[in-house]
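Quick caveat, the model's predicted, so the values are computed rather than measured.
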Amino acid sequence: MIPFNLPGDPELHNSFPYTFKIHKLTADIPPHTHNFLEYTYCFYGSGTEIINGIERPIKPGTFTLLLPHQVHQIRITRGQELHLYIGAIGLQAIYGSDDVAASFSDILLRAGTEGDPSYQLENELSRQLLPIFERMHQEILSSKPLSQLMFKTKLTEALILLERSCFTKRDNDTYKPPNKKGKMWEIILYVYQHFRDDIKLETLAERFYLSVPHISTSFKSSIGENFHIFLEKIRISHACSLLISGNEPVTSVCFEVGFTSYATFSRVFKERLNMTPSAYRKLNSGS
């Protein structure tokens, strides 16, 4: 089965690219990928989540952090329910230049270095996080002044607690340079941030002081696909966001996301989504 791609809610393409919802699942979620970062916290029920082909149990206290384009699915035993807080963060919140984006990128780097997207939290940490998630849900639904700022503040608090307990193992505040796997996730995040540029393996090798063969092999072992496919996925995913959220000509979208040839963009887009960019825009605009 080819995973389908979720473009995400319209909010993820706006100036406040965050959503946070409660989902009460009673049926399986088929394999899919995202154009955004997703995090989930289970507070009721049980099931199995499969991330990049690896099965993991999901039950109260399970926190999962999914980078864009990771293949994810959920299985639920017939007759059972699974209740989740599900948050999404648009890519612009990660590769932006403000302090919040920098903090998110740093925390994501640490999470990626650990190499496991799913964590079964200790009871004490769960007790700390649950009221934070409850407040986040209240704030994102609120029309009170500064509710968006309060939401981001509580999200940052949750991520810091998770970083301290799960994403990284450190003695006090002593920084340890990342190992080679950590360096790869630094490269991966760099590609997320600079996918519009003319990035090549040689560019990455020069910037990060690694050999081209090492980076090429490490991409395959770290994320299950080669560099060129990974870069194409990011560019096409961002193109989907632009096609949905704006009315720029398709050719402009092509060059905005990093392609230097419209023919290549059109071919790759059709290979991945089985339709042309124009057809995708029409389908998702409802016109």
Side-chain angles (χ1 to χ4, degrees), residues 1-13 17-91 94 108 111-112 114-121 126 129 133 137 162 166-167 185 188 192 219-226 229-230 232-241 244 269 271-275 280 283-284:
M1 178 184 296
I2 299 175
F4 66 90
N5 184 271
L6 295 177
D9 295 319
E11 294 92 330
L12 296 177
H13 312 293
Y18 303 89
T19 63
F20 195 70
K21 302 177 179 181
I22 294 176
H23 284 196
K24 297 182 178 180
L25 306 178
T26 58
D28 293 352
I29 304 297
H32 60 279
T33 59
H34 307 120
N35 296 332
F36 49 88
L37 181 145
E38 180 182 272
Y39 57 100
T40 67
Y41 177 81
C42 175
F43 60 92
Y44 176 83
S46 63
T48 301
E49 60 182 350
I50 305 170
I51 304 171
N52 293 333
I54 300 175
E55 293 191 8
R56 297 171 171 85
I58 183 169
K59 57 185 179 180
T62 301
F63 179 85
T64 300
L65 175 67
L66 294 164
L67 294 177
H69 320 305
Q70 289 181 314
V71 180
H72 182 227
Q73 69 182 105
I74 296 177
R75 292 177 182 162
I76 301 173
T77 303
R78 182 175 296 180
Q80 300 295 313
E81 288 192 10
L82 186 64
H83 296 183
L84 304 169
Y85 282 111
I86 299 183
I89 305 174
L91 286 179
I94 301 169
L108 290 174
E114 287 296 299
D116 192 341
S118 184
Y119 304 86
Q120 185 58 42
L121 306 183
S126 292
L129 286 173
F133 291 144
H137 191 248
L162 285 159
C166 303
F167 297 163
W185 280 99
I188 288 167
Y192 277 129
F219 256 99
K220 185 69 175 178
S221 61
S222 295
I223 60 175
E225 57 196 14
N226 68 44
I229 291 176
F230 177 70
E232 282 183 353
K233 278 188 174 182
I234 297 174
R235 288 173 170 171
I236 292 299
S237 293
H238 193 56
C240 290
S241 296
I244 293 171
F269 195 102
E271 286 175 353
R272 299 207 174 279
L273 283 87
N274 295 316
M275 64 181 75
Y280 181 87
L283 177 67
N284 286 278

Nearest 0.5 Å, what's the CG-CZ distance between L129 and F63? 7.5 Å

Starting at CD1 of I58, measure out to CZ of R75 and round the result to the nearest 0.5 Å. 13.5 Å

Please name the pair of heavy atoms, one in G45 and one in L82, separated by the smallest distance, quoted to 0.1 Å. C-CD1, 3.8 Å

Does a side-chain heavy-atom distance below 4.5 Å link T62 with E49? yes

Nearest heavy-atom pair of M275 and F269: which atoms, and what distance? O-CD2, 3.3 Å

Say you draw a straight line from NZ of K24 to CG of L84; how long is it, rounded to the nearest 0.5 Å? 11.5 Å

Considering all heavy atoms of both residues, which atom of I76 and which atom of A27 are nearest to each other, and what is their separation? CD1-O, 3.4 Å

I need the H72 NE2 to I50 CD1 distance, nearest 0.5 Å. 9.0 Å

Go through the structure and list residues passing side chain to side chain contact (heavy atoms under 4.5 Å, CB included) with S126, not counting sequence neighbours. Y41, L121

Rounded distance [0.5 Å steps], CG in D28 versus CD in Q73: 8.0 Å

Rounded to the nearest 0.5 Å, what separation is found between the CD atom of E225 and the NZ atom of K233? 4.0 Å

Considering all heavy atoms of both residues, which atom of G90 and which atom of L12 are nearest to each other, and what is their separation? N-CD2, 3.7 Å

What are the two closest non-hydrogen atoms of Y39 and T19, and how far apart are they? OH-O, 4.4 Å

Taking all non-hydrogen atoms of both residues, which atom of P60 and which atom of Q120 are closest, and how far apart? O-NE2, 3.0 Å

Geometric class of the F230/F219 ring pair [parallel <30°, tilted 30-60°, perpendicular >60°]: tilted

According to side chain to side chain contact (heavy atoms under 4.5 Å, CB included), who are the partners of H23, at least two apart in sequence or on a separate chain? K21, L25, I86

Step by step, would you call I229 with R272 a side chain to side chain contact (heavy atoms under 4.5 Å, CB included)? CA-CA 11 Å; I229 291 176; R272 299 207 174 279; 3.4 Å; yes

